[in-house]
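See structure below.
Every number for a ligand or one of its atoms is a count from 1 in the order of the listing.
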Amino acid sequence: MRFPAPRQQVPPAEKPTAAKQFERKWNSRLSPSVPNLLPGVCGLYQARGSTGKMCLFTNNQQSCASVESGCVAKLSEISISPSDRVFILTGAGVSAESGIPTFRGADGLWRNYRIEEVASPHAWARDPQLVWEFYSMRRQVASSARPNPAHFALAKLEQRLADRLFLCTQNVDNLHEQAGSKNVIHMHGELFKSRCDSCPRPPFDDAHLYEPPAELPRCACGGGIRPHICWFGEVPFELERIIRALDACTIFMAIGTSGVVEPAASFVAHVRARAKTIYVGPEEPANASAFTQCYLEKAGEILPQLF
Ligand code: OAD
């Protein structure tokens, strides 16, 4: 007896997301000859990963290959005394549970786009239209995202600690503010702001999508309007305030950041001699050896339990 041949299952066509649509268009325009970026002295750049001794604390020993015996802490609220000053650095991972893609994960943005082609002064000079398409896509994705329990936990912590909390984010979305955080330093800029590339006009609110056939926006001075983002090779915003806050902190916590983009990746090394250093995220960051405690968990799941 012969069995009928199995029928091929055709999966229903998925509606491409804004990110996917842009990715397809972008891939067809890739130029193979863009120079690599050189690390600037104090500009944004991507460092190589570091290795070293790990002393990782996790509430899930199975998930952490590097836990030293005797180092495993039970999950409990982080103790913050009235004299403590807390510095929190957040990265893309804190918004991952809100549906905003990270940069270096399996579906990360830098798996599909080249930094040099969409996030550098060189890219802006070469193809501002492509740069605006990339940031328009990111505006579209971020505009429908809502804060997750990690953002709310940090907003609650601000209510408790007031100016003893310094919240510094590498994220350009506004999910910390949507969750209620009042004082947020956006060291890599803000997605929903633009500025002139030529005159000193201050950055302004701008949620427009600049996609063809729309004209590229221009300033009254004749300059080009660009996204208010710190690109690779540029100097991050508010660095002086950030360094003052790092110098004053007694607890430093990094959440959802891979520890490969400078200068943020070096903040923990700057404070580790005198501050307690804590990491939260599902994977070890490249600078894990500088942390005294690592909670290898998703931020939205663990932060509400830590504060
Ligand atoms: P990355 O994409 O490099 O790293 C994201 C980190 O978040 C990874 O370590 C993940 O393990 C972690 N992660 C993923 N899901 C998480 C979750 N649910 N909870 C907590 N952590 C989670 O992003 P960043 O380190 O933020 O700059 O990248 C730094 C900068 O590089 C960005 O600001 C951006 C980028 O290029 C510019 O574009 C200017």
Per-pair distances, 0.1 Å, donor-acceptor, side chain in residues 240-248, under 3.5 Å, sequence neighbours excluded:
unit_1	atom_1	unit_2	atom_2	d
Asp247	OD1	His270	NE2	2.8

(message) Quick check with a 6.0 Å cut-off and a 45 degree axis cone: is Arg139 positioned over the face of Tyr135's six-membered ring?
(response) no
(message) As a test of reading the model: which residues have a non-hydrogen atom less than 4.0 Å away from ligand 1?
(response) Leu44, Gly91, Ala92, Gly93, Ala96, Glu97, Thr102, Phe103, Arg104, Trp110, Gln170, His188, Cys230, Phe232, Gly256, Thr257, Ser258, Val261, Tyr279, Gly281, Pro282, Glu283, Lys298, Ala299
(request) Measure the acute angle between the ring planes of His176 and His151, then classify it against the limits of 30° and 60° as parallel, tilted or perpendicular. (result) perpendicular
(message) Ring centroids only, cut at 6.0 angstrom: are Tyr295 and Tyr279 within range, meaning strictly under it?
(response) no
(request) Compute the centroid of each ring, for Phe237 and then for His228, and state whether the two points are separated by less than 6.0 Å. (result) yes
(message) Looking only at side-chain N and O atoms, does Gln170 offer a donor or acceptor that is under 3.5 Å from a partner on Thr257?
(response) yes
